[in-house]
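Here's the structure we're looking at; comments come further down.
Since the structure is predicted, the reported quantities are computational estimates derived from the model, not experimental observations. Only heavy atoms go into these numbers, but all of them, side chains included; no hydrogens, no water, no symmetry mates. A note on names: the letters A, B, ... follow the listed sequences, proteins ahead of strands, and every chain is numbered from 1.
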2 protein chains.
Amino acid sequence: MHPLKFGQVENVFNKSFQTRVSGVPHKTSQRLSIIDIARDAGVSPATVSRAFNRPDLLKADTLQRIKAVSREHGFRPNRVGSSLRSGSTRTLGLVLPTLRNPVFGECFEGAEQYAHAHGYSVMVASTGYAPVTEADAVQSLIDHQVDGLILTLGNPARSATLRLLAGQDLPYVLAYNESSTHPFVSVDNAAAASDMVSLLAARGHRRIAIVSGPLTASDRARRRLAGARGQARKLGLEEVLHLPMASHTAADSDKLRELLSAPRKARAPTALFCSNDLLAASVISCLRGLGLSVPTDISVCGFDGMTFAGLMVPPLTTIEQPSHDIGARACASLLACLQGETPPSLRLAHRLISGGTIAAATSAAS
Amino acid sequence: MHPLKFGQVENVFNKSFQTRVSGVPHKTSQRLSIIDIARDAGVSPATVSRAFNRPDLLKADTLQRIKAVSREHGFRPNRVGSSLRSGSTRTLGLVLPTLRNPVFGECFEGAEQYAHAHGYSVMVASTGYAPVTEADAVQSLIDHQVDGLILTLGNPARSATLRLLAGQDLPYVLAYNESSTHPFVSVDNAAAASDMVSLLAARGHRRIAIVSGPLTASDRARRRLAGARGQARKLGLEEVLHLPMASHTAADSDKLRELLSAPRKARAPTALFCSNDLLAASVISCLRGLGLSVPTDISVCGFDGMTFAGLMVPPLTTIEQPSHDIGARACASLLACLQGETPPSLRLAHRLISGGTIAAATSAAS
DNA sequence: GTGAAAGCGCTAACAT
DNA sequence: ATGTTAGCGCTTTCAC
């Protein structure tokens with residue numbers, strides 16, 4: 001089954017060959033160990049290990065020698081051996097809904113950069129917003145013996161994933177999710193949604209609809225809806241409608257038509273607040289197909305602040321989340337957990353980006 | 001330094017406790033090994049190992065017992081131990097320019113899904129189009145002992161990354177890149193660019209400019225430029241201009257202005273062919289800022305076919321690459337390498353998506 | 001069909 | 001400042 005049989009045999013040969021002859025056959029694809037280097041450098045394996053992990057402990061001279069020998073042979077310590085012995089893989093797991101949404105790509109890069117800067121690697125897994133996949137992804141990362149997890153869950157209140165996690169003593173922090181029981185890094189979703197409703201109200205909108213994906217698959221969408229409704233009530237607007245779509249990333253044209261070109265057009269919302277930017281773009285595109293232009297005929301706004309939102313024509317009005325930072329800070333919090341600390345939950349600042357997709361409400365108010 | 005000292009001591013206690021008493025304290029956060037399960041199931045460790053790896057070798061009865069005991073204790077074999085002993089991590093490395101571009105996110109998901117379906121995991125690293133980061137990313141994945149690599153390189157002809165790889169005997173396949181010396185999975189970049197030029201020519205465009213990022217950082221952009229130029233020559237169009245931007249993902253408004261509102265406006269290109277969709281969106285946005293509307297005043301098209309391109313208003317005219325498939329097929333090829341096969345390079349079909357960003361050339365032909 | 005024993009590459013005590 | 005020793009959790013001959 002294992003294809004490299006022959007290669008391995010060859011390696012063994014090279015290995016003993018090299019230890020006998022002192023020449024350095026630079027390319028002879030070796031699988032050297034710390035022991036080989038130790039022999040060549042005239043020190044013990046432990047000292048070689050220290051050269052890579054605690055170089056400060058060694059005499060400068062010894063360190064140089066070991067480094068030189070290692071470099072000559074192109075030797076790098078095998079992390080698998082190291083992980084097994086030390087009990088730490090120095091790898092963090094990151095679970096995200098989907099990398100088709102560049103917002104999560106940014107988050108990944110934020111986490112990746114922070115992790116690398118601190119000697120850790122990150123292993124991502126995407127869930128496609130599916131609870132089962134989510135649990136599988138976490139299990140897989142646990143199997144890989146990651147030192148901790150950064151999670152964006154569908155529902156951080158009750159999910160199979162969290163039950164799984166409860167059985168381990170693996171530190172984890174949530175990203176984007178807000179939770180009363182676990183450290184998280186996110187924006188204040190309710191407040192952000194509330195801000196957007198205020199803006200809409202200021203432009204004269206009194207009938208607003210929230211367009212989202214399935215609420216069961218995203219507590220963020222739920223919080224945003226709640227925040228919007230709260231603010232609408234406070235400002236005396238009409239009850240915020242809710243239009244859930246089958247997907248988090250694609251609008252359903254029929255549902256939109258039903259909502260807008262319905263008998264009582266007078267009662268149709270004048271603004272559609274979408275729970276993420278991808279969805280907002282899709283909504284705008286669908287509206288276009290229905291003969292409605294944004295923002296002339298109807299206002300639309302999003303949530304996320306993906307880079308792309310600013311490139312749309314007109315630019316999308318949206319709430320910017322600091323995704324790169326969310327990733328980086330979540331990573332920082334997780335590393336703090338690994339040090340035994342209990343990091344506080346962080347609500348990072350959001351920012352309302354006023355693009356060109358919201359206009360003053362046209363239809364005479366009710 | 002290691003924070004979990006106390007937890008570990010506690011675990012040792014639980015461990016012996018559990019082996020003495022037969023009850024199953026479901027939550028007592030264990031770190032059991034195959035040996036503990038073996039003892040509980042009244043078999044040898046080797047048999048437990050077989051239960052997980054070669055279940056077919058065991059008597060149904062034994063297998064059941066081991067599975068049952070494992071489930072009770074929530075035991076899962078430690079992949080680190082397994083990797084060390086077997087010499088395979090069953091993990092593949094994936095190196096991509098950036099996950100801020102959803103095209104690469106799709107590619108990742110394609111690879112991830114294919115890998116999972118075949119018992120492998122994938123570890124991604126992003127390079128930000130920087131050669132040094134690229135080499136570091138590859139080194140890091142090698143250190144993790146991945147079984148093979150899928151790479152999207154800046155330059156698959158000569159790069160520090162490939163020199164690094166030459167010293168290992170680690171299988172790898174290229175994705176998006178085309179190479180004469182290594183298995184790859186991509187579209188035919190030159191042919192695709194040529195198709196787009198044909199379309200532009202059919203709409204009456206004779207002066208076309210290619211807008212790209214730095215060519216040194218992307219052989220794809222280079223091939224697309226070459227393909228476009230070849231076809232332009234064949235069709236008797238004017239020489240294709242080349243407008244390189246500092247970034248692969250953001251246009252430089254000044255450069256665009258210089259090109260378009262120059263003294264000799266009559267000689268300005270009537271169509272801008274961007275080497276990727278993100279850049280095309282940015283170009284359109286910049287043009288808007290310069291008072292030019294697309295496609296009325298000038299035509300623009302992209303390359304990639306990211307989902308988002310179809311949601312723009314008007315939808316972006318672009319070349320669709322099957323990114324999910326590129327990821328999946330590259331993964332398949334890599335797994336084939338691991339079986340000792342030498343997979344053929346694959347050029348997957350591209351598709352010209354006719355959106356609304358190309359209009360008939362307006363300015364009287366020269 | 002299952003067991004016994006060795007060892008993958010490394011690090012952590014402990015010694016000196 | 002460095003060496004010795006044991007063993008992390010697992011798989012793999014080789015026996016039986």
[N] [atom2] sits how many Å from [X] [atom1], rounded?
{"X": "Arg54(B)", "N": "dT12(D)", "atom1": "CZ", "atom2": "P", "answer": "9 Å"}
{"X": "Gln145(A)", "N": "dG9(D)", "atom1": "CD", "atom2": "P", "answer": "9 Å"}
{"X": "Arg90(A)", "N": "dT11(C)", "atom1": "CZ", "atom2": "P", "answer": "11 Å"}
{"X": "Gln64(B)", "N": "dT2(C)", "atom1": "CD", "atom2": "P", "answer": "12 Å"}
{"X": "Phe52(A)", "N": "dG9(C)", "atom1": "CZ", "atom2": "P", "answer": "15 Å"}
{"X": "Leu84(B)", "N": "dC10(C)", "atom1": "CG", "atom2": "P", "answer": "9 Å"}
{"X": "Ile37(A)", "N": "dT11(C)", "atom1": "CD1", "atom2": "C1'", "answer": "17 Å"}
{"X": "Asn78(A)", "N": "dG9(D)", "atom1": "CG", "atom2": "C1'", "answer": "14 Å"}

**OP:** Tell me, please, which residues at least two apart from Arg329(B) pass salt bridge (Lys or Arg N to Asp or Glu O under 4.0 Å).
**Re:**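 If we apply the salt bridge (Lys or Arg N to Asp or Glu O under 4.0 Å) test to Arg329(B), skipping adjacent residues, the hits are Asp325(B).
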Look at the side-chain N and O atoms of [X] and state whether any lies under 4.0 Å from the OP1 or OP2 oxygen of [N].
{"X": "Asn53(B)", "N": "dT11(D)", "answer": "yes"}
{"X": "Ser49(A)", "N": "dT11(C)", "answer": "yes"}
{"X": "Ser86(B)", "N": "dT12(D)", "answer": "no"}

Original post:
If each of Lys59(B) and Gly81(B) is mapped to the nucleotide of DNA chain C with the nearest heavy atom, which maps nearer the 5' terminus, i.e. the 5' end?
Top reply: Lys59(B)
**OP:** Check every atom of dT2(C), dA1(D), dG9(C) against the side chain of Arg31(A) and return the nucleotide holding the closest atom.
**Re:** dG9(C)
Original post:
Which ring pair (Phe, Tyr, Trp, His ring centres under 6.0 Å) pairs, counting each pair once, include a residue from residues 326-346 of chain B, with sequence neighbours left out?
Top reply: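 Non-adjacent pairs meeting ring pair (Phe, Tyr, Trp, His ring centres under 6.0 Å): zero.
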Original post:
Which residues satisfy the ring pair (Phe, Tyr, Trp, His ring centres under 6.0 Å) test with Tyr176(A), sequence neighbours excluded?
Top reply: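 Phe104(A).
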**OP:** Assign Ser83(A) to base, sugar-phosphate, or nothing according to its heavy-atom contacts below 4.0 angstrom with the strands shown.
**Re:** nothing
Original post:
Which part of the nucleic acid does Leu58(A) contact within heavy-atom distance under 4.0 Å: base, sugar-phosphate only, or nothing?
Top reply: sugar-phosphate
What pairs of nitrogen or oxygen atoms, one from the protein and one from nucleotides 3-5 of chain C, lie under 3.5 Å apart?
unit_1	atom_1	unit_2	atom_2	d
dG3(C)	OP1	Ser44(B)	N	3.4
dG3(C)	OP2	Ser44(B)	N	2.8
dG3(C)	OP2	Ser44(B)	OG	2.9
dG3(C)	OP2	Thr47(B)	OG1	2.4
dG3(C)	N7	Arg50(B)	NH1	3.4
dG3(C)	O6	Arg50(B)	NH2	2.6

When the side chains of residues 62-69 of chain A are checked against the rest of the protein, which donor-acceptor pairs come out under 3.5 Å, sequence neighbours left out?
unit_1	atom_1	unit_2	atom_2	d
Thr62(A)	OG1	Lys59(A)	O	3.4
Arg65(A)	NH1	Ala41(A)	O	2.5

**OP:** Could you verify whether a donor N or O on one side chain and an acceptor N or O on the other, from His116(A) and Asp136(B), lie under 3.5 Å apart?
**Re:** no
Side chains of residues 77-84 of chain B: which donor-acceptor partners sit under 3.5 Å, not counting sequence neighbours?
unit_1	atom_1	unit_2	atom_2	d
Asn78(B)	OD1	Val80(B)	N	2.7
Asn78(B)	OD1	Gly81(B)	N	3.4
Arg79(B)	NH1	His144(A)	NE2	3.2
Arg79(B)	NH2	Thr89(B)	O	2.6
Arg79(B)	NH2	Arg90(B)	O	3.3
Ser83(B)	OG	Arg79(B)	O	2.7
Ser83(B)	OG	Ser88(B)	O	3.4

Original post:
Nearest 0.5 Å, what's the CD1-OG distance between Ile35(B) and Ser49(B)?
Top reply: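 Interatomic distance, Ile35(B) CD1 to Ser49(B) OG, rounded to 0.5 Å: 11.5 Å.
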